[in-house]
Amino acid sequence: MGDLGEARDTFAEVDLEMTFNGRPAVLVDVYRMGRESPTSVSDATYAFIERMKGSLPAGVQMDVWNDRAELYAGRLDLLKRNAIFGLVLVFLALGPSWRPGWPSG
């Protein structure tokens, strides 16, 4: 390493600032645990925010940013629609009694 440069083991405290909609903010990450679904955690988070709104000091607000449960719900909806479409295609392809001129039974 000495031929490439100098390596130092140091620590520096860095002040970080976060803003949301142009105002100072604090970020709180919410994760699911165990068998909780992303949508149930999202619903509980929104319910908590609604409960807390009345007790926050003036000028302080809570909001949600980057709710990944929306992405999860969209993917789940797409999966359901594709399953239904696939099932219909299977019945159309394998169901000879639905075709005109085929004997039923």
Side-chain angles (χ1 to χ4, degrees):
M1 292 292 284
D3 295 339
L4 299 175
E6 181 181 337
R8 291 181 286 165
D9 186 13
T10 62
F11 174 78
E13 195 167 314
V14 178
D15 292 333
L16 298 176
E17 291 185 19
M18 177 174 277
T19 59
F20 181 69
N21 291 335
R23 298 179 62 191
V26 174
L27 175 68
V28 177
D29 287 325
V30 180
Y31 295 98
R32 69 181 183 94
M33 293 188 62
R35 295 190 178 270
E36 296 173 321
S37 72
T39 51
S40 69
V41 173
S42 177
D43 292 344
T45 302
Y46 279 101
F48 175 79
I49 289 172
E50 284 301 316
R51 282 195 317 271
M52 293 300 295
K53 279 186 178 178
S55 63
L56 295 173
V60 176
Q61 68 184 47
M62 296 174 94
D63 210 342
V64 175
W65 175 73
N66 196 20
D67 184 3
R68 292 186 183 161
E70 295 171 358
L71 178 64
Y72 172 80
R75 288 181 176 178
L76 193 59
D77 183 55
L78 178 64
L79 181 66
K80 288 177 186 176
R81 284 187 286 138
N82 286 344
I84 291 169
F85 185 68
L87 189 61
V88 168
L89 287 177
V90 167
F91 279 127
L92 288 175
L94 299 178
S97 62
W98 292 352
R99 296 182 188 157
W102 282 58
S104 60

Colleague: What heavy-atom pair brings Asp67 and Ser42 nearest, and what distance separates the two atoms?
Modeller: OD2-OG, 2.8 Å
Colleague: Are Phe20 and Ile49 grouped together when hydrophobic residues (ILVMFWY) are joined by side-chain heavy atoms under 4.5 angstrom apart?
Modeller: no
Colleague: With rounding to the nearest 0.5 Å, note down the distance linking OG1 in Thr45 to CZ in Arg32.
Modeller: 13.0 Å
Colleague: Of all the heavy-atom pairs spanning Lys53 and Met62, show the shortest one and how long it is.
Modeller: CE-O, 4.4 Å
Colleague: With the 4.5 Å side-chain cut-off for hydrophobic clustering, are Val60 and Val64 part of the same group?
Modeller: yes
Colleague: Please round to the nearest 0.5 Å and tell me the distance separating atom OH of Tyr46 and atom CG of Asp63.
Modeller: 7.5 Å
Colleague: Rounded to the nearest 0.5 Å, what separates atom CG in Leu79 from atom CZ in Arg81?
Modeller: 10.5 Å
Colleague: What distance do Leu76 atom CG and Leu71 atom CG have between them, rounded to the nearest 0.5 Å?
Modeller: 11.0 Å
Colleague: Quick check for you: to the nearest 0.5 Å, what is the distance between Asn82 atom CG and Leu87 atom CG?
Modeller: 12.5 Å
Colleague: For the pair Arg68 (side chain) and Pro38 (backbone), establish whether a donor and an acceptor sit closer than 3.5 Å, ignoring hydrogens and angles.
Modeller: no
